[in-house]
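Notes follow once the structure below has been shown.
Fair warning: this is a prediction, and the values are worked out from it, not measured in the lab. Values below: every heavy atom of this structure, side chains too, minus hydrogens, waters and symmetry copies.
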Amino acid sequence: MNRESVLDAKFSRVWDNLPGWGALAAVNHTSISLRFMLTGVVFFLLGGILAMLIRTQLALPEHDLLSPDLYAQVFTMHGTVMMFLFAIPVLEGAAMYLIPKMIGTRDLVFPRLSALGYYCYLFGGLIITSSLLLGIAPDAGWFMYTPLSSAEFSPGPGSDFWLLGITFVEISAVSAGIELTVSILRTRAPGMTLGKMPIFAWYILAMALMIVFGFPPLIFASILLELERAAGMPFFDSAAGGDPVLWQHLFWLFGHPEVYIIFLPAAGIVSTILPVFAGRPLVGYRWIVLAVITMGFISFGLWVHHMFTVGIPQLAQAFFSVASMLVAIPTGIQVFAWIATLWTGRVSFQLPMLWMFGFLFIFVCGGLTGVMLALVPFNWQVHDTHFVVAHFHYVLIGGMLFPLIGGLYYWLPHFSGRMPSKKIGSWAFWLVFLGFNITFLLMHITGLLGMPRRVFTYQSDLGWDWLNLLSSFGGFIMAMGVGMLILDVIMHFKFGAKASHNPWMADTLEWATGTPPTTYNFISIPRIENRHPLWQDQGLPRSMAQGVHGLSSIEHGRRELYGTDAITGKLKEVMHIPSHSWWPLLVALALAIVCISLLVRAYPVAMGAAVVAAVFLFRWSWENGAHKSMAPLTPEEQARDEPPLHSRTCDGPGLWGMAVTLLADGALYLSLLFGWLYLWTVAPNWAVPESSAIPLGKMALSGALLTVAVVLYRRLVKRLCGGNDQHLVIQLWLVTGLGLLHLLVLLWITLTSELQYTKLAHDAVLLVMLAFLIFHSGLSVIVTGLQALRAGYGYVSARLPYEPVVMNPMWLFSLTIFWISYASFLLLPLVWKAA
């Protein structure tokens, strides 16, 4: 055996998945990402079948293929499946597959979190789609506007399926956002500065951060609506001081950034592929990075343009109208950079390029109608018509599906080792392209002629007949194209010609792995000095496989990555990550039981399953750091020529993971604060009790205990990082005890306060606020108690300061939201009333 084969055998023993059923315990990013993508494709086919049912129903006037109720379920599930179960998970899966390979590392930084995210996505998707098979699917539209989705107008379990299932799926999305953010920032190959990072990684970094900030408002809104439906807490009931428009604000605070969350990875694919087939670097790399960051910021300021007709003040409409148009600037920068790249290069017209040109044409058309819709008077005219439906299909299908399929053909040789068929692929493209334009171009016209969306049929004398018939005809042509595409991909795995190692002569590091790739990606990690490493050094894949570069030793039996500085790419530490684990599957199963129990109103079972899930999670966290299954202290680690293991430092990936998690948590808390202030200032029947049901003095006492606990904990961490672990166990137990006292006072206040949470939206919000504080304080107390136990086992010490450092921001966050809540929810109303 040569050196490469010997190294391959050694690395495979450590990195390969378990055989048979053990594959369910896999955490490797290549395995998990392929599962994300394949599951997403299955959901895509389901959404496509639902789309064909819609077009068949609308093909002829006064058609009765579907009843009104069934039609409402079908179009609700079509939107839900395509947006939540296909678009985002597939793009996340593509990012999880490509990012580690592109930035020169072996895996994502939190592999068990990736596995948990996949199982949450799978089980959440199954819960939602099962409602369709049971005939009790949600029917209020994929946006679930209240009061249509409230218990009064949707009394069945359909809305509950949506709310619980989507929340379950959103956990998956947020976990992927955290995972990708930290991985991109902290595990790039040594020397790969932010300026040398592949452009695709910039797009994914922006997408991941947008998920972190954008998804919590919908999670929060879903929790509120489910609490209203199940427990009668009137957040959206105007009679009790709530407001149904609050749901629209929270939904579109998520919903509009989601369009860009879907678009950005697809645009990243375009920016990656075009330079390869143009044979030159991307024009305006820095301008595109700036445009991507700008687009991410602006997208959060546009949510109101979905609500121009709900009675927003005209000044606000003018502001959001201008903001909506501003987004055309960063979009235009990217489009012109792509055109300039093609213009100045020598374009090779391969199959992926067909889909790129289709994308450019359709997306630009969708962008133009977007500018039209940003004009308030025009928006008023076409609101809730098929024009809007046509516009967002042009943006989403043109802006996401075409680049995604182009990317599929581009990277197909990477995970199959075979080339796609240009002939069949071209047929698939033209069928999809023509079918799409026939379907949706005509829908612009039906919309301008006044055809409303969401109607299950129409009269025959309105002038819409032939347009709808042709639209449906186009839909079936497009479906044929998708069928041919799937057939092509399946056949390619058996009949495709063998691909060379880097068939497109690409520049990025994913083509330095094997094709198909191994589970460990790279045997050795090189220093990267250029944005186009494979164009600079064509022998790099070979030298990496021969173990010439860093981190090529595997005798210790650990899965290891390089940890580098977030900006400069300077090598800082070696990260050891977990091997295969059953905990993600067990936790997801327990959470699925929680969701199902809530659906059938079996609350004791739900509480029991939630406790089991928490126990599994804490047991999962026990297998970390210096635990015998991870990286126990050994003389070997000091003898070898590598930086320290991350669990021996005060700045490892866990600290970054905690920081990004708290950003998402903070977005959730801001949603609560926004809801409180919105209802207070806007809800017409908002009523404030004469006296506060929550005693201010007892709350202050609880806060004082928490403050002392946090001060002591931060002092403890500072001493630990300074190498002093004297009385460590006692100090950890002291902080745990103080935190527990704070928690008990808070629980006592919650249980004894006479909150009228089923009669007043005011008190319902206060109860949610208290629950938020209790959850965070409780989590901090339990984890610190576990750290005290771990210190007793020798897993936390001056040589192992990592875990208390990771929990430090969590304690600070708990303290911050406590006092902000005290000031905003309790003191501010008193001051306002007195004034």
Side-chain angles (χ1 to χ4, degrees), residues 17-18 21-28 32 107-120 122-123 168 171-172 174-175 178-179 557-559 575-597 605-633 645-647 652-655 657-658 661 729 732-733 735-736 739-740 743 774-797 800 802-807 810-811:
N17 299 330
L18 293 173
W21 287 102
L24 295 174
V27 297
N28 180 271
I32 298 299
D107 205 335
L108 292 165
V109 71
F110 306 121
R112 289 185 294 193
L113 188 62
S114 305
L116 174 65
Y118 171 72
Y119 286 121
C120 288
L122 176 65
F123 295 149
F168 204 10
I171 293 173
S172 163
V174 174
S175 64
I178 296 166
E179 175 88 282
R558 290 189 297 270
R559 298 186 178 187
M575 299 175 181
H576 52 89
I577 60 173
S579 181
H580 39 74
S581 170
W582 291 97
W583 293 119
L585 176 60
L586 294 174
V587 171
L589 279 171
L591 292 175
I593 293 172
V594 172
C595 285
I596 295 169
S597 303
V605 178
M607 289 181 65
V611 171
V612 170
V615 170
F616 285 166
L617 279 169
F618 290 127
R619 182 63 184 82
W620 163 346
S621 71
W622 192 261
E623 295 177 0
N624 266 316
H627 187 269
K628 60 183 179 182
S629 67
M630 292 295 288
L633 288 169
L645 297 178
H646 80 264
S647 57
L655 181 63
M658 176 61 79
T661 303
V729 176
L732 284 168
W733 280 122
V735 173
T736 305
L740 185 61
L743 186 63
I774 289 170
F775 174 80
H776 287 83
S777 295
L779 187 61
S780 302
V781 168
I782 293 173
V783 173
T784 305
L786 287 174
Q787 285 180 348
L789 288 175
R790 289 175 67 79
Y793 278 90
Y795 299 152
V796 177
S797 66
L800 300 163
Y802 179 66
E803 293 170 32
V805 171
V806 171
M807 272 304 292
M810 182 70 188
W811 274 108

Between E803 (side chain) and Q787 (backbone), is there a donor-acceptor pair under 3.5 Å? no

Is any side-chain heavy atom of E623 closer than 4.5 Å to one of K628? no

List for me each residue that meets side chain to side chain donor-acceptor pair (under 3.5 Å) alongside S629, sequence neighbours excluded, and say none if there are none. H627

Report yes if the side chains of Y119 and L591 come closer than 4.5 Å at any heavy-atom pair, otherwise no. no

Side chains of V735 and W811 in contact at under 4.5 Å (non-hydrogen atoms): yes

Considering only heavy atoms from C-beta outward, does the side chain of C595 approach that of F123 to under 4.5 Å? no

Could you walk me through whether W620 and L586 satisfy the side chain to side chain contact (heavy atoms under 4.5 Å, CB included) test, starting with their C-alpha distance in whole Å, then the side-chain angles of each, then the deciding distance to 0.1 Å, before giving a yes or no? CA-CA 10 Å; W620 163 346; L586 294 174; over 6 Å; no

Check step by step if side chain to side chain contact (heavy atoms under 4.5 Å, CB included) holds for L789 and Y795. CA-CA 9 Å; L789 288 175; Y795 299 152; over 6 Å; no

Stepwise, does the side chain to side chain contact (heavy atoms under 4.5 Å, CB included) test hold for H580 with N17? CA-CA 7 Å; H580 39 74; N17 299 330; 5.8 Å; no

Side chain to side chain, M810 and L779, heavy atoms closer than 4.5 Å: yes

By ring-ring contact (aromatic ring centres under 6.0 Å, His included), which residues pair with Y118, not counting sequence neighbours? F36

Just to verify, what does F110 make a ring-ring contact (aromatic ring centres under 6.0 Å, His included) with, not counting sequence neighbours? none

With H576, which residues qualify under ring-ring contact (aromatic ring centres under 6.0 Å, His included), at least two apart? H646

Run the side chain to side chain donor-acceptor pair (under 3.5 Å) test against S175 and tell me which residues pass, sequence neighbours left out. none

With a 4.5 Å heavy-atom cut-off, do S621 and F616 have their side chains touching? no

Compute the ring centroids of W622 and Y793, then answer whether they are less than 6.0 Å apart. yes

A626 backbone acceptor or donor facing R790 side chain under 3.5 Å: no

Is there side-chain contact between V612 and M607, with heavy atoms separated by less than 4.5 Å? no

Are any non-hydrogen side-chain atoms of W583 and L617 less than 4.5 angstrom apart? no

Residues two or more places apart in sequence or in another chain: which of them pass salt bridge (charged side-chain N to carboxylate O under 4.0 Å, His left out) with R559? none

